[in-house]
Q: 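Provided herewith is a single structure, encoded as structure tokens, for subsequent inquiry.
Please read all numbers here as calculations on a predicted model, not as lab measurements. Note on naming: letters A, B, ... go to the chains in the order of the sequence lines (proteins, then strands), and numbering restarts at 1 for each one.
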Amino acid sequence: MTIVGVPAGWPATEEEARAVQDELRGRVVLDEPGPPPGAGRVTGVDVAYDDDLDLVAAAAVVLDAATLDVIAEATAVGRVSFPYVPGLLAFREIPAVLAALDRLPGPPGLVVCDGYGLAHPRRFGLASHLGVLTDLPVIGVAKNPFTFTYDDPGPARGGSAPLMAGAEEVGRALRTRDGVKPVFVSVGHRVSLPGALAHTLALTPRFRLPETTRRADALCRRALREAVLSAAARRPAGGGQAPSTRQAPTS
DNA sequence: GCGACAG
DNA sequence: ATCTTGTCGC
């Protein structure tokens, strides 16, 4: 199995990463409504990690937007490309996600990712970054409010309230199921906020989280397990093979 | 300065 | 994200 390396020139420090965000931020497109919900394709992307083995596994799962049936899926396993730093999540996830998207047999349509887009300290979260690099329509659906504030939406599915960064609305807290904690939706690239909300509701007929993220989450965990197992199998230590009897290094 | 902080 | 047992409910 091929292991995706860290791209040449990938930021190595937080300063470099922030500079990249500042440079790419201007390429985000916010004046397009995006594809209509409930038609065409919707693709979920997600990533799982094994920090000990320095492995990251990404998955992309394409659904028929009308039926939510799986049309296609792809995975990629790579080297961890950046530590987790709040505000710099994209640098940790994007190389593997791009590799998984590349391996899809057809076009992804709208992409839904875990995390944020516009709702970001520098207004350039994962969903925006992925959108700029692929020019695909992308939205972000996060499970936590990050540093933002919001008033509780109405208790019924469909209720929403502004997600605020100070006095600026950067997304919405959206109740996708009656009486269940909201999710946090923000625009990534080439999709309007109402469009992002409509897509999120279309993807949550049964569960709090979009069907896209659920499928992608399950697939990337599976891919990571298999990568960890095959890595262990290639080494004597935990792979069930005879222990190595090498000479201790003489200093 | 300290704490909080998507995944 | 990930580490983790049992438990409540459809």
Q: Applying a strict under-4.5 Å side-chain criterion to I, L, V, M, F, W and Y, I'd like to know whether A:L89 and A:L98 cluster together.
A: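 Yes, it is one cluster - the side chains of A:L89 and A:L98 are joined through contacts under 4.5 Å.
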Q: Within a strict 4.5 Å, meaning less than it, do heavy atoms of the A:L101 and A:T43 side chains meet?
A: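 Yes, their side chains come closer than 4.5 Å.
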Q: Polar atoms only, N or O, under 3.5 Å: list the protein pairs with nucleotides 8-10 of chain C and their distances.
A:
none

Q: Check the pair A:D217 / A:R221 against salt bridge (charged side-chain N to carboxylate O under 4.0 Å, His left out), numbers first and verdict last.
A: CA-CA 6 Å; A:D217 178 72; A:R221 292 190 196 219; 3.1 Å; yes
Q: Does any non-hydrogen side-chain atom of A:V170 lie less than 4.5 Å from one of A:F146?
A: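 Sidechains of A:V170 and A:F146: no contact.
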Q: Test salt bridge (charged side-chain N to carboxylate O under 4.0 Å, His left out) on A:R215 and A:D64; report intermediate values, then the result.
A: CA-CA 13 Å; A:R215 298 319 256 267; A:D64 180 305; over 6 Å; no
Q: Going 5' to 3' through nucleotides 1-7 of chain B, assign each nucleotide B (protein heavy atom under 4.0 Å from a base atom), S (under 4.0 Å only from sugar-phosphate atoms) or - (no protein heavy atom that close).
A: ----BBB
Q: Of all the heavy-atom pairs spanning A:R123 and A:A165, show the shortest one and how long it is.
A: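 Taking every non-hydrogen atom into account, NH2-CB, 3.4 Å.
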Q: Do A:L24 and A:L133 have side chains that approach each other closer than 4.5 Å (heavy atoms only, starting at C-beta)?
A: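 The answer is yes; the side chains approach within 4.5 Å.
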Q: For A:A223 versus A:V77, what's the shortest heavy-atom pair and its separation?
A: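 Result for this residue pair: O-CG2, 4.3 Å.
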Q: Defining pairs by Watson-Crick or G-U wobble geometry with both distances under 3.5 Å, how would you list the stems of DNA chain B with at least three pairs each?
A: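 None - DNA chain B has no stem of 3 or more consecutive pairs.
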Q: When all nucleic acid strands are considered with a 4.0 Å heavy-atom cut-off, which category describes A:R206: base, sugar-phosphate, or nothing?
A: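 Touches nothing.
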Q: Using the benzene-type ring in the case of Trp, are the ring centres of A:Y84 and A:Y49 under 6.0 Å apart?
A: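 No; A:Y49 has its ring centre 6.0 Å or more from that of A:Y84.
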Q: What pattern of brackets, bars and dots sums up DNA chain C from 5' to 3', given Watson-Crick or G-U wobble pairs under 3.5 Å, [ ] for crossing pairs and | for another strand?
A: ..........
Q: Can you name the side chain to side chain donor-acceptor pair (under 3.5 Å) partners of A:R177, sequence neighbours left out?
A: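 With sequence neighbours excluded, A:R177 shows a side chain to side chain donor-acceptor pair (under 3.5 Å) to no residue whatsoever.
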Q: Are side-chain heavy atoms of A:R79 and A:V4 found at a separation under 4.5 Å?
A: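 Side chain of A:R79 against side chain of A:V4, heavy atoms only: no contact under 4.5 Å found.
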Q: Looking at residues at least two apart in the chain, or sitting in another chain, which of them share a ring-ring contact (aromatic ring centres under 6.0 Å, His included) with A:F91?
A: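 In terms of ring-ring contact (aromatic ring centres under 6.0 Å, His included), with neighbours along the sequence ignored, A:F91 is linked to A:W10, A:F82, A:H129.
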